[in-house]
Each structure stands twice: as C-alpha cells, then as structure tokens.
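Report on the structure given below.
This structure is a prediction, so every number in the text was calculated from the model and none was measured. The chains referred to below are lettered A, B, ... by the order of the sequence lines, with proteins before strands, and numbering in each begins at 1.
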There are 2 protein chains.
Amino acid sequence: MELNSVAKVILGFLSRENLSGYDIKLRVDDSTRFFWAASYGQIYPELKRLEEEGLIQGTDSPHGGRARRVYGITDRGRTALASWIMDTGSTVELRHEGLLKVFFADAIDSPEDRVAVLEAMAQVHRVQVEELEAVAARKTSVPIECAPETIAEGDRRMPAFVLKFGLDFHRWVVEWCEREIESALKAEAKVGAGHA
Amino acid sequence: MELNSVAKVILGFLSRENLSGYDIKLRVDDSTRFFWAASYGQIYPELKRLEEEGLIQGTDSPHGGRARRVYGITDRGRTALASWIMDTGSTVELRHEGLLKVFFADAIDSPEDRVAVLEAMAQVHRVQVEELEAVAARKTSVPIECAPETIAEGDRRMPAFVLKFGLDFHRWVVEWCEREIESALKAEAKVGAGHA
DNA sequence: TACGACATGTAATCTGTTACATGATTGA
DNA sequence: TCAATCATGTAACAGATTACATGTCGTA
C-alpha cells in the first residue's frame, strides 16, 4: 500500500472533506504547493487508480450539465493515510539556485559583486515571505473551507502551523543573508583600511 | 546561452580546476548534492554538448590504458558562468514530506501521536545536521582539492559559507520543531488540568 | 455575448535517477 | 587474485509540468 507523491496530498485533503479533482488542485495551489505541488496531469489519473484500489470512492454529482465527480475517502484510505503519516521516515529535498550561485561566487572577481549575489538570494526569500503573508491574510479574512460545519471545527490547527513554519523559515533566511552581508562588508572595510 | 541545471554545476566546478566527468560527479556528491544534485546520466551528455557549444574544452589524458577526458573552461564558458551568477533571479524549491505530514496531522486523533509527527520531522533534520558535520570535518582535515596551488589559494571562501548555511538551517529547523513541541505539550497540559 | 471560472482529461515534453554494460588500475 | 576505485557511457524508467482539447455555467 505504498502511496505515491500525489496520493499523499489527495488522501490528505479528502480526509477533511469530499472533493472533486478540480477542488483538490485549488487547495494544493493555495497551500501545499510551497513544499508539495501537484498538477492535473497527476491528480486525475491518480484519482482513478486510488478508486480502483478502494482507498477513495467517487460519486458523480454534476452541476447542471457540467460533469463532476466528487471523491470521498474510505476506511481503507484513512488507514493508509494514518499509516503514512505515522511512519517516521520522510524525505527532504531542497533545490536552491541562489545557494549554488553563492557556492561558485569565488569565480566573481569583485567583492561588491559577490555581496550582490548574497543580496539577490535574500531578495528571493523576501518575495517568498510576501507571498506567504498574502496567503496568511487570505486565510484569516476568508477561510477557504466555507462549509459551516468546517468553520465550527476549531481543531484544524496543523495547516496554520505549517504556514507559520514557512514564514519563520523564509524570514530566517533573509536575516541570515543580511547578517552575513554585514559581516562581509565589515571584514572588507578592515582590509580596505589596512591598504590605505 | 541559457544554461541548464547540470551545465551550472559543471561550469562552476570547471571554473576552479580541470576535471573529468567522474571528478565532477565526486565533487557534486561531496558538496552541492544537498541543494543541487547531478547524475552521470546528465553529466556525460552535457559535457559533450558544452564542448560543442565552446563553453568547455576537453583533452584526452588517459591514465595508462584507462580512458580519461579532462575538461577545462573556456573564456566563453567563464563569461556564461559569470552572467548566470550575476543574474539576480534564482529558483528555490523545497519538497518536504515531513511538513506534508504535519499539514495533514489533524487526521490523527491522538494528541501524543500528532506531537510524534513533529518529533519525527525534527529527527530527519538532526540526521542532516550530522551528515553536514561529517562533511565539515572532512573539509578541515583532508581538503578535497589536493593540488598544492589550490591549497595555496586561501580565497575560496564561498563553499564554506554555503556549508555554514546548511548547518545553520537544519539546526534552526530542529530548534523550531522542539520549540513547537514544547508549546504544544504545555497547551495540552493546561487543557488536561482544566478537565481534571 | 463574451469572458472567466468550473470541470475533466490526455499527449508531448522535460528532467532526473537507476541500473546496467564495459573495461583498466591499484592495493590488500 | 579479488575487491574497490577509476572511468565512460547509455537505456529504461519514473516523476512532473505544460499545453492542449473539450464543454458548461454564471455574470457583467
């Protein structure tokens, strides 16, 4: 019962509410995309597979003449989800072009230009902070889940938790870069003074 | 002159020293793999392509009967590398299964089990810290680049910089998790006391 | 009536890893 | 002599994105 990458988000979201493939994609793009993306090209085929395996159950529920299939999680699906969550192993992958540039920045002659590489990296993370702040603002003003019983359940704390992690993380990176830039500038000033 | 993902590491390493494909792979696995991996299946074809484009220049230099082709960066290659590094845009991708588990941990009934999910995430990052500490230890004791002229150049500071970032980052995540676990446990204790 | 959101699906493409094939050299 | 390392290369596969095709519905 190994779950693939897409199955994990699908079962996760379906454990909260019944959704169509389209709905799932909306929620992914609004939340997990920052650390776990999923495209239509993965979602729709996987919904079929998961239904065949009996982890989810689909029901046709067209809106007028517009075809729509809403899926709900089954007991077997819940078991699979819980067993994945409770498994202590998990992968972490970081692919960071800014770090790669810093790593090779010795190839740049001018010290000011090398500092600029760090500053550019900081800027990328500032943008991420802004994006996440926008997400946070949206969450507090207009909750994405609008069903009344959903708002009533106040115990859905974990997504906010993860959002906080994202904000804290990107802010930390910005500060790290700024600290290192400052100490680099100080070191350089000393060298400059020595030469004068 | 858009560089693809593998071209970036190749040009970066060749800007320091002349290397074979095998050498490049060794260096990637020893350093950038934590944020920028590359496999033989990418490296060898790309070396050919970069030579055709004139960004690198290969020379056959067999060791005895063992075939070997060593590449050096050209002036055009240096220009391409510098222009990529100085470009302010860069991608950041994080794929974090632990965060995904935390995100969906509301599906787990027991509060203790939910805390365990956070603890497991912390553990993954502790392992990363250990791995990076091993890398750091290797660097200070036996520098990977052993050519004397290389050791003499003391101005290759950026790789150590990036290593420091990795260590600081993973330690920060561990502390973040521990802080949140503690505050979660305190909140729970209060609820428990209220019920009592 | 036209546009944007709703809704499903797939084919082409791209990127990257894994595994294998092949063979030489070095050192225990 | 045997295993590990040096060395190059490719085919098969896995994972994911992009772009397209198709059509409905609500609303400005």
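- To the nearest angstrom, P of C:dC14 lies 17 Å from CD of B:Glu93.
- Distance A:Glu46 CD to C:dT10 C1': 16 Å, rounded to the nearest Å.
- Within the 4.0 angstrom heavy-atom criterion, no nucleotide atom of any strand lies near A:Lys25.
- Using a 30° and 60° split on the angle between ring planes, B:Phe104 and A:Phe13 fall in the perpendicular class, above 60°.
- For the pair A:Arg69 CZ and D:dG23 C1', the computed distance is 19 Å after rounding to whole Å.
- Regarding contacts with the backbone of C:dT8, every side-chain N or O of A:Tyr22 stays at 4.0 angstrom or more from both OP1 and OP2.
- Toward the 5' end of DNA chain D, the nearer of the two residues B:Tyr71 and A:Arg66, judged by each one's closest nucleotide, is B:Tyr71.
- For D:dA16, one of the phosphate oxygens OP1 or OP2 lies less than 4.0 angstrom from a side-chain nitrogen or oxygen of A:Ser5.
- Residue A:Tyr44 contributes atom OH, which lies 15 Å from atom C1' of D:dC20 at whole-angstrom precision.
- Both A:Tyr40 and B:Arg68 sit near DNA chain D, but only B:Arg68 has its closest nucleotide nearer the 5' end.
- Within 4.0 Å (heavy atoms only), A:Ser20 reaches sugar-phosphate atoms of the nucleic acid but no base atom.
- Atom C1' of nucleotide D:dA7 and atom CG of B:Leu19 are separated by 14 Å, given to the nearest angstrom.
- Here the two rings, on B:Phe161 and A:Trp176, have centers that are under 6.0 Å apart.
- A:Asp29 has its CG atom 14 Å from the C1' atom of D:dA16, to the nearest Å.
- The residues A:Asp23 and A:Arg68 are annotated as salt-bridged, a charged nitrogen and a carboxylate oxygen being separated by less than 4.0 angstrom.
- Taking 4.0 Å as the cut-off between side-chain N and carboxylate O, A:Lys8 and A:Glu46 do not count as a salt-bridged pair.
- Contact between the side-chain N/O atoms of A:Gln42 and the OP1/OP2 oxygens of D:dG15 is not found at any separation under 4.0 Å.
- Using a cutoff of 4.0 Å between basic side-chain nitrogens and carboxylate oxygens, B:Glu175 and B:Arg171 are not scored as salt-bridged.
- To the nearest angstrom, C1' of D:dT8 lies 9 Å from NZ of B:Lys48.
- Residue B:Ile43 contributes atom CD1, which lies 14 Å from atom C1' of D:dT10 at whole-angstrom precision.
- Across the interface with DNA chain C, nearest-nucleotide mapping of B:Gly41 and A:Asp23 shows A:Asp23 to be the residue nearer the 5′ end.
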